[in-house]
Amino acid sequence: MTNLKSDPRYTITREFCGHEKPLYIVRFCDEWLSKHTTKSAAIMRATGEAAQRRGCLVVEAIPVDL
């Protein structure tokens with residue numbers, strides 16, 4: 001299990017969840033947030049979620065048809 005240093009309420013665990021291989025599961029206060037194939041993606045998601053909860057501005061890419 002991995003905790004974010006800035007907020008230990010976030011956990012990242014590797015679990016079997018209906019897929020062939022275990023995935024990295026991100027939780028906040030034991031509530032499921034997301035699942036990822038790589039640990040780095042799970043850490044990025046948890047870090048982004050933590051920043052958003054603190055009120056940071058969220059920037060999203062918007063696809064454009066050319």
Side-chain angles (χ1 to χ4, degrees):
M1 176 172 66
T2 301
N3 287 343
L4 288 178
K5 290 180 182 180
S6 63
D7 194 339
R9 296 175 295 175
Y10 288 92
T11 58
I12 299 171
T13 55
R14 200 157 183 223
E15 303 175 19
F16 284 98
C17 54
H19 295 271
E20 185 177 318
K21 295 181 180 181
L23 298 177
Y24 291 95
I25 307 300
V26 179
R27 287 192 171 85
F28 177 74
C29 293
D30 293 328
E31 287 193 33
W32 185 92
L33 292 176
S34 59
K35 61 184 175 183
H36 305 272
T37 56
T38 64
K39 187 173 184 177
S40 59
I43 291 170
M44 262 179 61
R45 175 67 172 110
T47 302
E49 175 76 16
Q52 188 175 0
R53 285 182 189 270
R54 289 191 310 268
C56 294
L57 178 65
V58 177
V59 178
E60 295 182 31
I62 300 173
V64 177
D65 293 332
L66 297 177

Side chains of residues 45-55: which donor-acceptor partners sit under 3.5 Å, not counting sequence neighbours?
from: Arg45; atom 1: NH1; to: Glu49; atom 2: OE1; distance (Å): 3.1
from: Thr47; atom 1: OG1; to: Ile43; atom 2: O; distance (Å): 2.8
from: Glu49; atom 1: OE2; to: Arg53; atom 2: NE; distance (Å): 3.2
from: Glu49; atom 1: OE2; to: Arg53; atom 2: NH2; distance (Å): 3.3
from: Arg53; atom 1: NE; to: Tyr10; atom 2: OH; distance (Å): 3.0

Can you list the residues that meet the side chain to side chain contact (heavy atoms under 4.5 Å, CB included) rule with Cys17, with sequence neighbours excluded?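 Testing Cys17 for side chain to side chain contact (heavy atoms under 4.5 Å, CB included), a comparison that skips the adjacent residues, returns His19, Leu23, Ile25, Lys35.
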Side chain to side chain contact (heavy atoms under 4.5 Å, CB included) against Thr38, all qualifying residues, sequence neighbours excluded: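 In terms of side chain to side chain contact (heavy atoms under 4.5 Å, CB included), with neighbours along the sequence ignored, Thr38 is linked to Ser40, Ala41.
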Drop me the distance from Lys39's NZ to Tyr24's OH, to the nearest 0.5 angstrom.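 The distance works out to 6.5 Å.
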Test: salt bridge (Lys or Arg N to Asp or Glu O under 4.0 Å). Region: residues 15-34. Which pairs qualify, not counting sequence neighbours?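 The answer is Glu15-Arg27.
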